[in-house]
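In what follows, every chain begins at residue 1, and chains take the letters A, B, ... in the order their sequences are listed. Here the structure is a predicted model, which is why all the values come from computation and not from measurement.
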Protein chains: 2
Amino acid sequence: MTSVHYKKLETFLLAVDCIIFGFDGTGLKVLLIKRELEPMAGKWSLVGGFVKNSESVNDAAMRVLMQLTGLKNIFMEQLHCYGSTERDPGGRVVSVAYFALIRIEDHAAELLKEHNAKWVPLDKLPKLIFDHNTMLDLSKERLRQRVANHPIGFELLPEKFTLPQLQNLYEAIYESQFDKRNFNRKILGLQILKKLEEKDKTGSRKGAFYYVFDSDNYKKLESEGISFI
Amino acid sequence: MTSVHYKKLETFLLAVDCIIFGFDGTGLKVLLIKRELEPMAGKWSLVGGFVKNSESVNDAAMRVLMQLTGLKNIFMEQLHCYGSTERDPGGRVVSVAYFALIRIEDHAAELLKEHNAKWVPLDKLPKLIFDHNTMLDLSKERLRQRVANHPIGFELLPEKFTLPQLQNLYEAIYESQFDKRNFNRKILGLQILKKLEEKDKTGSRKGAFYYVFDSDNYKKLESEGISFI
DNA sequence: GCAAAAGTGTTTTGTCTACACCCATGA
DNA sequence: TCATGGGTGTAGACAAAACACTTTTGC
């Protein structure tokens, strides 16, 4: 039952589709699944599901993400609503797309196998069903915008990360190279990173200092409007 | 009938709500209506309507706008999808919000009367139904973003406009003052305005030269990524 | 001739970019 | 000792911001 006051109106199926970004240290990846449902079963698809009457659309997206990754409380933002009449040959389905940023190592790999899910590098995307490639294109653009103005890049990195790791991430997102002196100066100038004593020795002999995101200080600076790259 | 392949899924009512901006030369305004439908009949509301199965969500928004203003082919962009369970006490309605920019003088005033619609200055907004105030807040933010990177400010002005008029518009959008020398230099530097010989004498003794948006030249420059303020 | 808005340049400031060498360490 | 990636400073270019006076013309 969708309505108390509104009678005789046409109804719709509502879906959510999630663009889930991960970062493995060198490249950006997206979580895709081999679809199990007709139509288009067996094709590559974004992670999605139908919204229930008992939940908000946002909650549906979080549920879908949770089912696949086991993760809660992760960064997620609505991208766009896709509502053309012919987007899904299986019926009149309007889909709300979301994008999410997760730490690749964070989640249970067995859940991925169960769902036929796979991390796919952004530069090796297959053809996806429906309008999912369009969604992905828009999400890449949006990710760049967001990362430029909000400290969300950290969502893709481990809690402790090094400046070279952070730079690699930004270079992956923007598909371009940055000068490390300029990059470090800019990032550290924001004063939202806390330097730890500890070093990461896996990447080099010398080792690189770990940093953590200083969310307290960020909140202090937030009101002023900062740029992150 | 919403579905061929998908059975036993829960369905939704889908609405569109339009934030319609106009500019009267000094301040930004929004088109609001006194709602005629229960619940909340008689309250102030954004312009909205239900989506039909036969049309895309975008088309529904354009239809709603057309019904109220008589205008087609105007600038319109999807803002956000609002999908919380309790947003509309009349039923489970998910709403997709759009924002549109129109030239205030362009449209038929009688249509507005017919629909109980009124132009309301942004700084004198009444309390609106449901989550419509939230939609408006987001649309103001989005308008600023868009205007900064796309030449859409012109959508709010007459075809011929003066630089002081354009500056007033930008000042209204950003709620701040700009230096006219810097402003003129910046705008003219973009090379997307064509200066006419004619002057607008309504605003001053001296008169201000009219300009028109040079869309041909804009298209040439578009690829490079321009900033508009 | 004067009020009222339009138009016009220059200087200063800050930000972004380009660029090259030393450091620390494990093998 | 050497190979590898980590860390650091400066000078020049460019864009943004601050700032005041002259022009036009209807009354």
(request) Could you identify which residues of residues 193-206 of chain B place a heavy atom less than 4.0 Å from some atom of DNA chain D, listed by residue number, or say none? (result) K201(B), R205(B), K206(B)

(message) What is the separation between atom CD on Q165(A) and atom P on dG5(D), rounded to the nearest whole Å?
(response) 14 Å

(request) Please determine, for the side chain of R181(A), which listed nucleotide (dG7(C), dA20(D), dT8(D)) has the closest atom? (result) dT8(D)

(request) May I ask you to check whether D137(A) and S139(A) show a side-chain donor-acceptor distance below 3.5 Å? (result) no

(request) Return the value, rounded to whole Å, for the distance between atom CZ of F183(A) and atom C1' of dT8(D). (result) 16 Å

(request) With DNA chain C as reference, determine whether N184(B) or D179(A) sits nearer its 5' end, using the nearest nucleotide of each. (result) N184(B)

(message) Using whole Å, what does the distance between atom P of nucleotide dC19(C) and atom CD of Q177(A) come to?
(response) 15 Å

(message) Less than 4.0 angstrom between a side-chain N/O of K186(B) and OP1 or OP2 of dA16(D), yes or no?
(response) yes

(request) Please state how far atom NZ in K180(B) lies from atom C1' in dT23(D), giving the value in whole angstrom units. (result) 11 Å

(request) Please state how far atom OH in Y210(B) lies from atom P in dG7(C), giving the value in whole angstrom units. (result) 12 Å

(request) Could you tell me which residues satisfy salt bridge (Lys or Arg N to Asp or Glu O under 4.0 Å) with E77(A), sequence neighbours excluded, listed by chain and number? (result) R142(A), R146(A)

(message) Taking side-chain hydrogen bond (donor to acceptor under 3.5 Å, both in side chains) as the definition, give me every residue that meets it alongside T202(A), ordered by chain and number, with sequence neighbours left out.
(response) D200(A)

(request) Nearest whole angstrom, please: distance from the C1' of dA6(C) to the CG of L188(B). (result) 13 Å

(message) Measure CD1/I187(B) against P/dA16(D) and give the value in whole Å, please.
(response) 12 Å

(request) Can you establish whether the number of heavy atoms outside E159(A) located under 6.0 Å from its atom CD is more than 12? (result) no

Without placing hydrogens or testing angles, list every side-chain donor-acceptor pair under 3.5 Å for residues 57-66 of chain B, not counting sequence neighbours.
from, atom 1, to, atom 2, distance (Å)
N58(B), OD1, Y98(B), OH, 2.5
D59(B), OD2, S56(B), OG, 3.3
R63(B), NE, E55(B), OE1, 2.9
R63(B), NE, E55(B), OE2, 3.4
R63(B), NH2, F50(B), O, 2.8
R63(B), NH2, E55(B), OE2, 2.7

(message) Restricting to side-chain hydrogen bond (donor to acceptor under 3.5 Å, both in side chains), what partner residues turn up for T69(B), sequence neighbours left out?
(response) none

Below 3.5 Å between N/O atoms, which protein atoms pair up with nucleotides 10-14 of chain C? Just atom names and distances, please.
from, atom 1, to, atom 2, distance (Å)
dT10(C), O4, R185(B), NH1, 3.2

(message) Looking at R144(A) and E175(A), is any side-chain nitrogen of the basic one under 4.0 Å from a carboxylate oxygen of the acidic one?
(response) yes

(request) Specify the closest pair of heavy atoms between N116(B) and W44(B), including all atoms of both residues, with the distance to one decimal. (result) O-CZ3, 4.5 Å

(request) Work out which heavy atom in L68(A) is nearest to a heavy atom in A117(A); give both atom names and the distance. (result) CD1-CB, 3.9 Å

